[in-house]
Amino acid sequence: MRIGILLVFTVLLTSNSCLPQSRSDSFASFFLQQDSIRHSLWQTKQFHMAIGVLMGMHDYYERLDSAGRVANKSADASILYNLACGFALIDSADQALHYLRTSVDEGWNDYYNLKRDSDMVSLWGMKQFQDLLSVVRERGDYFVTLRKAGEYHRTVPTRPSFMYQHVNDTNLVLLRTLYHLDSVAGTGNELSRIIRLMRWAHSVVRHDGQSQNPASCNAIDLIDVCRKEHRGVNCRMMATILNEAYLSMGFRSRHITCLPRDTTDTDCHVINIVYSNTLHKWIWMDPTFDAYITDKNGNFLNISEVRKKIISGDSVAVSDSINWNGQPYHKEDYLHYMAKNLFWFSAPVSSEFGYESTPGVKTYINLLPSSYNPHRKLMEAMNKPGGYFTNDADYFWSTTGN
């Protein structure tokens with residue numbers, strides 16, 4: 001547990017001149033009151049109730065204006081760290097790791113506290129915990145930092161690793177069972193199974209690009225709300241359904257937001273990449289349009305390959321199955337649309353069930369061309385509180401990860 005959270009927060013407030021005074025006072029008063037309650041519950045081992053209090057504290061932080069959130073980011077990292085402790089104490093490892101990861105994303109750097117915190121003893125043997133500990137060590141083990149510093153020069157920052165949820169996750173098993181995905185995929189070769197799962201996601205709900213996302217954005221709840229309310233979902237939610245279906249069947253998968261150069265253009269598109277062990281590469285799958293792309297010889301392509309071929313003028317072929325909600329869709333129109341949206345890319349760091357509606361700050365990895373770097377405008381356009389930007393395509397499209 002983060003013992004010094006009150007002290008940390010008090011110090012932050014004294015230097016918080018960028019926050020309106022009344023807003024700072026309100027946040028300070030609420031925080032100190034609620035943390036006192038949380039501490040009492042912790043002492044009496046009422047961890048479920050303490051978690052509820054911490055959730056309320058984090059929710060209050062989320063409702064601060066942007067200046068308030070920036071100024072109090074370290075305080076929120078401490079709140080998130082305590083949430084990780086709480087969930088670890090009630091043996092909810094997935095939630096504990098989520099909040100620890102989010103705390104680290106928020107800048108948590110107390111390496112020595114993290115490596116010996118007995119509240120997290122249930123996580124110590126897990127690779128995800130050790131990976132996060134390594135990240136924090138790079139920030140917070142100052143002896144190591146000095147030994148590694150050498151001369152003053154620009155260094156490469158620590159980069160988050162893409163993560164993929166295990167096929168045995170309870171929710172993924174439920175999804176696989178509920179929708180008979182083994183039967184959907186069939187018993188053919190790997191590529192035929194990948195395509196059949198994509199076509200299932202294309203047909204199980206309809207696309208509606210103007211729809212608002214439901215509160216719960218996981219495959220099971222998305223399909224359920226579409227059936228009950230006779231509605232569709234946008235391309236991001238369709239890709240979410242397919243991504244979780246792939247994960248449930250043991251395929252490594254991500255959904256990728258494909259974006260245009262113009263940050264005022266909100267018309268982007270989200271598709272999937274799924275790793276083929278047969279081809280030893282990612283391949284392109286688009287559940288909105290029931291489409292994939294090959295070269296002129298019929299070889300499956302991934303997003304990076306399609307982008308390079310479009311730039312070089314090489315021909316590519318869209319699958320004959322392409323359609324929009326059962327209506328014909330021209331292949332040339334699709335390629336033109338995607339050419340606009342292959343300028344830069346964004347993907348969540350963690351590919352897992354329900355990630356899109358997971359509470360707390362989520363980390364997105366963003367791949368930008370080297371000559372294109374309007375970070376602030378991009379973040380405002382995406383309306384996301386944080387993200388990692390890179391010009392390293394090999395890293396972004398890496399097939400490795402946890």
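The residues of the chain are indexed from 1 along the displayed sequence.
- For the ring pair (Phe, Tyr, Trp, His ring centres under 6.0 Å) test, residues two or more places apart in sequence or in another chain that qualify with Phe396 are Phe162.
- A donor-acceptor pair under 3.5 Å is formed between the side chain of Ser321 and the backbone N or O of Asp290.
- In terms of modelled atom types and a separation under 3.5 Å, the side chain of Arg69 and the main chain of Leu64 share a donor-acceptor contact.
- The aromatic rings of Tyr329 and Phe289 lie tilted to each other, with the angle between the two planes from 30° to 60°.
- Residues in residues 39-53 take part in no salt bridge (Lys or Arg N to Asp or Glu O under 4.0 Å) pair, two or more places apart or across chains.
- Nearest heavy-atom pair across Gly250 and Val167 is N-CG2, 3.7 Å.
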Pairs under 3.5 angstrom only: tabulate donor-acceptor contacts from the side chains of residues 228-235 to other protein residues two or more places apart or in another chain.
{"unit_1": "Lys228", "atom_1": "NZ", "unit_2": "Asp224", "atom_2": "OD2", "d": "3.2"}
{"unit_1": "Arg231", "atom_1": "NH1", "unit_2": "Gln212", "atom_2": "O", "d": "3.4"}
{"unit_1": "Arg231", "atom_1": "NH2", "unit_2": "Gln212", "atom_2": "O", "d": "2.6"}
{"unit_1": "Asn234", "atom_1": "OD1", "unit_2": "Arg236", "atom_2": "N", "d": "3.2"}
{"unit_1": "Asn234", "atom_1": "OD1", "unit_2": "Met237", "atom_2": "N", "d": "3.0"}
{"unit_1": "Asn234", "atom_1": "ND2", "unit_2": "Asn213", "atom_2": "OD1", "d": "2.9"}

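- Side-chain N/O atoms of Asn366 and Ser346 include a donor and acceptor closer than 3.5 Å.
- Side-chain atoms of Asp117 and Tyr81 form a donor-acceptor pair, as typed in the model, at a separation below 3.5 Å.
- Qualifying ring pair (Phe, Tyr, Trp, His ring centres under 6.0 Å) partners for Trp282, counting only residues two or more places apart in sequence or in other chains: Tyr275.
- In Met55, the CE atom is crowded: over 12 heavy atoms of neighbouring residues, nucleotides or ligands sit closer than 6.0 Å.
- Side chains of Asp286 and His269: a donor on one and an acceptor on the other come within 3.5 Å.
- Note that CD of Glu244 is 5.5 Å distant from CG of Asn218, once rounded to the nearest 0.5 Å.
- Residues Ser351 and Asn243 have side chains that bring a donor and an acceptor to within less than 3.5 angstrom of each other.
- With sequence neighbours left out, Tyr355 forms a ring pair (Phe, Tyr, Trp, His ring centres under 6.0 Å) with no residue at all.
- With no hydrogens or angles considered, no side-chain donor-acceptor pair links His98 and Glu352 at under 3.5 Å.
- Residue His207 comes nearest to Gly209 through the heavy atom pair CE1-N, 3.5 Å, listed as atom of the first residue, atom of the second, then distance.
- With respect to the salt-bridge test (charged N to carboxylate O, under 4.0 angstrom), the residues Asp320 and Lys331 qualify.
- Closest of all the heavy-atom pairs between Cys268 and Asn341 is CA-OD1, 3.7 Å.
- Counting only N and O atoms by type, the side chains of Asn189 and Ser192 include a donor and acceptor under 3.5 Å apart.
- Of the possible donor and acceptor atoms, one in the side chain of Arg252 sits under 3.5 Å from a partner among the backbone N and O of Thr399.
- Sorted by first then second residue, the salt bridge (Lys or Arg N to Asp or Glu O under 4.0 Å) pairs that include residues 184-196, not counting sequence neighbours, number zero.
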